[in-house]
Amino acid sequence: MKAGPNQRWASLAIAAALGVFLGAGASHADDASAWDTDLHSALRLVSGPAAQPGNAALLRAGIELRLEPGWKTYWRYPGDSGVPPVFDFAGSENVKSATVLWPAPRRFPDGAGGNSIGYNGGVTFPVQVMPQEPGKPVLLRLKVSYAICEKLCVPAEGKAELNLISTASPENASLATAEARVPKPRALATAGSLIIRSVHREPANGRSRVIVDVVAPQAATVDLFAEGPTPDWALPLPEPLPGAPPGGRRFAFDMDGVPADAKVQGALLKLTLVADDEAIEVSTPLD
């Protein structure tokens, strides 16, 4: 009898977990945790060598999330619908802090006429771990609650734990790829292959909207995402506009989704510009 998609996914996840457990051998016992599988997804922790110039105590880890074909999960700001993942490192040992980094996302239709922001197929979230006592063993314990969507959205949970290493790891290449996908912080109008050149407000149909001019490679697929200064801001997704200056592109979004008591002028926006495999992040106050 031919296996259904759920059976195939379960078999793959089990095989992956067995590969980590049996194939890695004692010398690589701490490269990756076992896979924790949910109905349509699976996650694990991976560890990479410490490679932070000027900060040798900082350890590198990753939360690897795999999804069944056709399923998606969400970025820290999910867009018109969705729920961002929540990471909990309570119970970790010798961990002063664990900072999750967010690879550049993409937008996709949410099935209700809007667009969500996130990842399909899978994603690895890099984690920067600062030990409480550098040089001593670090045990990272993780619990994650997240949402995954195909035609309908369902909640998912996962947990993993891993003794982190600071030496060479076969997981380093995939972890480095995920780290390279994290948007690079930039100041407004900083020169480079990607530039957020200007941000300003203008009146439009009785309300204000924000105009953002950017520069990106002409052949690249370009997208822009906007976040407010606090999680209760729910800004619309920027949309491309004609009329950009030569060599640039223009996006705009209405100032909707602003909390009733929030002050718009001077509010610090976080703008993420994505062009194919490159991304930058600019924080700038509104005029």
Side-chain angles (χ1 to χ4, degrees), residues 32 41 43-49 51-53 58 60-79 82 84-85 87 99-110 115-128 146 148-149 169-197 199 212-227 237-241 244 247-251 253 269-284:
S41 60
L43 67 81
R44 66 174 182 169
L45 282 168
V46 298
S47 183
Q52 297 289 331
L58 194 66
R60 297 164 63 234
I63 303 163
E64 186 177 357
L65 177 62
R66 291 185 178 176
L67 305 172
E68 275 191 345
W71 288 80
K72 307 172 183 70
T73 193
Y74 295 100
W75 192 45
R76 65 186 179 220
Y77 175 52
F87 305 103
T99 304
V100 177
L101 307 180
W102 299 81
R106 59 178 291 269
R107 74 171 74 195
F108 48 83
D110 64 5
N115 286 282
S116 294
I117 310 170
Y119 313 95
N120 58 352
V123 59
T124 296
F125 299 98
V127 185
Q128 295 180 340
Y146 57 105
I148 56 174
C149 293
S169 163
E171 304 299 332
N172 185 58
S174 61
L175 186 53
T177 298
E179 290 168 338
R181 287 287 295 163
V182 175
K184 306 301 185 291
R186 294 286 186 269
L188 189 68
T190 299
S193 56
L194 289 184
I195 305 170
I196 296 181
R197 185 156 52 188
V199 181
V212 184
D213 283 320
V214 309
V215 175
Q218 185 174 2
T221 299
V222 179
D223 212 341
L224 183 72
F225 306 106
E227 300 168 83
L237 275 72
E239 299 293 343
L241 277 184
R249 309 193 194 193
R250 175 167 287 175
F251 290 83
F253 59 93
L269 295 189
K270 183 181 290 185
L271 301 171
T272 301
L273 177 63
V274 182
D276 294 339
D277 292 330
E278 188 178 2
I280 64 170
E281 182 179 278
V282 171
S283 294
T284 184

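Keep in mind that what you see is a predicted model, and the values were worked out from it rather than measured.
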Given side chains that start at C-beta, do those of [X] and [Y] come closer than 4.5 Å, heavy atoms only?
{"X": "S41", "Y": "T73", "result": "no"}
{"X": "N120", "Y": "R106", "result": "yes"}
{"X": "V123", "Y": "P103", "result": "yes"}
{"X": "L237", "Y": "S116", "result": "no"}
{"X": "P183", "Y": "I280", "result": "no"}

For this output row, return yes or no: ring centroids of F125 and W102 closer than 6.0 angstrom.
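Yes - the distance between ring centres of F125 and W102 falls below the 6.0 Å cut-off.
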Euclidean distance, [Y] [atom2] relative to [X] [atom1], rounded to 0.5 Å:
{"X": "L271", "Y": "E227", "atom1": "CG", "atom2": "CD", "value": "9.0 Å"}
{"X": "L269", "Y": "L188", "atom1": "CG", "atom2": "CG", "value": "11.0 Å"}
{"X": "I195", "Y": "D213", "atom1": "CD1", "atom2": "CG", "value": "11.5 Å"}
{"X": "L101", "Y": "E179", "atom1": "CG", "atom2": "CD", "value": "7.5 Å"}
{"X": "L45", "Y": "E64", "atom1": "CG", "atom2": "CD", "value": "10.0 Å"}
{"X": "E281", "Y": "L273", "atom1": "CD", "atom2": "CG", "value": "11.0 Å"}

Test log, rule side-chain contact (heavy atoms from CB on, under 4.5 Å), inputs E68 and I148:
CA-CA 10 Å; E68 275 191 345; I148 56 174; over 6 Å; no
Would you name the heavy atoms of [X] and [Y] that are closest together and state the gap between them?
{"X": "A275", "Y": "V222", "result": "CB-CG2, 4.1 Å"}
{"X": "P105", "Y": "Y119", "result": "CA-CE2, 3.9 Å"}
{"X": "P238", "Y": "F251", "result": "CB-CB, 4.0 Å"}
{"X": "R249", "Y": "A219", "result": "NH2-N, 4.3 Å"}
{"X": "A279", "Y": "A104", "result": "CB-CB, 3.7 Å"}
{"X": "P49", "Y": "N172", "result": "CD-OD1, 3.3 Å"}

Walk me through whether F225 and I117 qualify under side-chain contact (heavy atoms from CB on, under 4.5 Å).
CA-CA 9 Å; F225 306 106; I117 310 170; 3.6 Å; yes
W71 vs Y146, ring pair (Phe, Tyr, Trp, His ring centres under 6.0 Å): CA-CA, chis, key distance, verdict:
CA-CA 13 Å; W71 288 80; Y146 57 105; over 10 Å; no
R60/E171 ion pair, N-O < 4.0 Å:
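Salt bridge absent between R60 and E171.
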Verdict with supporting geometry, T272 and Y77, side-chain contact (heavy atoms from CB on, under 4.5 Å)
CA-CA 11 Å; T272 301; Y77 175 52; over 6 Å; no
Kindly indicate, with the supporting measurements, whether the criterion side-chain contact (heavy atoms from CB on, under 4.5 Å) is fulfilled by E278 and S193.
CA-CA 9 Å; E278 188 178 2; S193 56; 2.6 Å; yes
Is the backbone of S47 close enough, under 3.5 Å, to the side chain of S169 for a donor and an acceptor to pair up by distance?
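At least one qualifying donor-acceptor pair exists.
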Between the side chain of D276 and the main-chain N/O of T221, is any donor-acceptor distance below 3.5 Å?
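At least one qualifying donor-acceptor pair exists.
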Side chain to side chain donor-acceptor pair (under 3.5 Å) partners of residues 180-189, not counting sequence neighbours, each pair once:
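Those involving residues 180-189 do not exist here.
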